[in-house]
Amino acid sequence: MSDPRVLLLHWNRGRWRAKDRPVQALTENACETWVFAFNGEFLNSSIAKPSDLAGYDIIIANSDPIHLEKLCALSASRPASCKWVTLLEGDSLEYIKPRPYIRELLDSSDLVNCINKYSESFFKKFTTAPAKFIGFPYPAEGIRALATPFEKRRKDIFLAPMLLSRWLEYFLIKDLGFPFYGYEKKITRTLKTLYRNFRRYGSNNSNYFHNIVRLLYKDPSLQLKKETPLADFFRYNGAAHLWLNLDHRYTWGRYVLDAAALQIPIIATRSTGHAEDFFAATMIETEFEVEKALEMTKKLFADQEFYRDVASVPIEQFDHLRPEVKKKELMQALSL
């Protein structure tokens, strides 16, 4: 089968086709990359019905914990000729906690796609379905086109995680004397979200989360940025001097790939799954190797030769993540 019809189910809103979003394909770095790799279609999991699955050769379903019961029902109702791939997005550590429906969903799959290479052996024991580390395609060329030359970069540090998810990176570098910044989401205010926002947060202030950051960090020198479209995100953060991502989770590790594509040094943990392949010189084993991370941060500001050596990731290093390569890998895993 050379050109299967593919549908991606995900908790993000909407229904759309790859052919209608050619610009997004250039920088999309999440699981939606599968839609573009197959020139397929996207559908929000919460509105998907069994009838929506008709006519597809492959369904790739994001293992959204909110919709696990529904995904089990959808998987059971798929056409006999349709292959079902469960995509284990998120932190692999979440799956070691017992919870309903997840085993049923995985066991009903034709393939379980692990997104962190260290988790593959666990999932091979966890489910009766074939489990394989495949991950996502990655648009390295499109993101590399937004990179900033070394000589035009700012002398600041990007704290990669959302600021309310982790403040480990902040405490690592707050006293070094270099400017630093990070991001936090804002509340979206529309007629459809006003009631939901008030019920969930007790507020419709768009700066609700930013205000919490200010309250908790208590540091006026912390530059707080708002979320932007991906292309703008890469343009701005591609001009930083250094990224920090001391992640304790076992995820796809997009920050590491993004830094490599933009040729920005990043100090990252082994659990990201990509640090040892793209940034072995600045990888730390665990998030608590703070002293080692601190020394590497200082060296990346003081030693220009070391900085350029770390940052100079050749585009060919992404060849195994090209959409056509990942497409072939997935289809081979499905025996198509």
Side-chain angles (χ1 to χ4, degrees), residues 4 6-12 29-35 37-38 45 48 53 57-76 78 82-138 245 247-257 268-278 283 285-287 320-321 323 325-336:
V6 176
L7 175 68
L8 175 70
L9 298 176
H10 192 276
W11 56 266
N12 280 343
N29 64 351
C31 66
E32 287 87 346
T33 54
W34 282 116
V35 182
F38 282 99
S45 304
L53 310 185
D57 301 301
I58 302 173
I59 306 292
I60 302 176
N62 181 276
S63 57
D64 173 15
I66 297 175
H67 298 119
L68 287 179
E69 184 177 7
K70 181 172 185 177
L71 289 171
C72 284
L74 288 171
S75 175
R78 71 188 186 270
C82 177
K83 299 289 189 179
W84 182 282
V85 179
T86 297
L87 178 64
L88 293 169
E89 194 181 12
D91 182 6
S92 296
L93 291 174
E94 290 298 314
Y95 296 90
I96 69 176
K97 304 173 185 176
R99 54 176 163 169
Y101 302 114
I102 184 61
R103 292 180 68 190
E104 290 84 350
L105 176 62
L106 300 193
D107 288 349
S108 72
S109 305
D110 295 291
L111 176 67
V112 174
N113 179 0
C114 309
I115 67 167
N116 187 286
K117 64 183 179 182
Y118 299 117
S119 70
E120 183 183 50
S121 59
F122 164 70
F123 286 110
K124 285 181 179 294
K125 297 290 187 182
F126 184 67
T127 179
T128 58
K132 181 177 175 59
F133 167 60
I134 298 176
F136 308 147
Y138 187 79
N245 185 37
D247 206 338
H248 60 288
R249 303 172 303 154
Y250 288 79
T251 67
W252 178 234
R254 283 183 288 168
Y255 285 121
V256 176
L257 293 176
T269 44
R270 183 181 293 276
S271 65
T272 60
H274 298 299
E276 63 183 313
D277 299 322
F278 288 92
M283 184 189 75
E285 290 295 328
T286 76
E287 63 275 17
H320 66 294
L321 299 175
V325 174
K326 284 297 176 184
K327 176 181 176 180
K328 182 178 180 181
E329 186 178 359
L330 186 75
M331 291 180 66
Q332 286 178 339
L334 290 169
S335 301
L336 294 177

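All residue numbers in this chain count up from 1 along the given sequence.
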Check whether any side-chain heavy atom of Lys117 sits under 4.5 Å from a side-chain heavy atom of Asp277, and report yes or no.
-> yes
Inter- and intrachain pairs under ring-ring contact (aromatic ring centres under 6.0 Å, His included), touching residues 84-122, at least two apart = Tyr95-Phe123, Phe122-Phe126
How far does CD of Glu276 sit from OG1 of Thr269, to the nearest 0.5 angstrom?
-> 11.0 Å
Sequence neighbours excluded, the answer for ring pair (Phe, Tyr, Trp, His ring centres under 6.0 Å) partners of Tyr255 is none
Measure the shortest side-chain to side-chain distance between Leu330 and Phe38 over non-hydrogen atoms and say whether it is less than 4.5 angstrom.
-> yes
Checking Lys124 side chain against Pro130 main chain: does a donor-acceptor pair fall under 3.5 Å?
-> no
If you measure from CG on Asn116 to OG on Ser271, what distance do you get to the nearest 0.5 Å?
-> 7.0 Å
Assess whether side-chain contact (heavy atoms from CB on, under 4.5 Å) is satisfied between Val6 and Ile60, documenting all intermediate values.
-> CA-CA 7 Å; Val6 176; Ile60 302 176; 4.0 Å; yes
Point-to-point distance, once rounded to the nearest 0.5 Å, from CG of Leu336 to CD1 of Ile58 | 5.0 Å
Minimum side-chain heavy-atom gap Lys326-Ile134 below 4.5 Å | yes
CD-CG distance between Glu89 and Asn62, expressed to the nearest 0.5 angstrom = 4.5 Å
Heavy atoms of other groups near Arg103 CZ, more than 12 under 6.0 Å | no
Please test Asp64 against Ser45 for side chain to side chain donor-acceptor pair (under 3.5 Å), starting from the C-alpha separation and ending with a verdict.
-> CA-CA 8 Å; Asp64 173 15; Ser45 304; 5.4 Å; no
Answer yes or no: is there a side-chain heavy-atom contact under 4.5 Å between Cys114 and Lys132?
-> no
Distance-only, no hydrogens or angles: does the His274 side chain make a donor-acceptor pair with backbone N or O of Trp252 under 3.5 Å?
-> yes
For the residue pair Cys31 and His10, establish whether any side-chain heavy-atom pair is separated by less than 4.5 Å.
-> yes
The reported gap from OG1 in Thr251 to CG in Leu88 (rounded to nearest 0.5 angstrom) is 12.5 Å
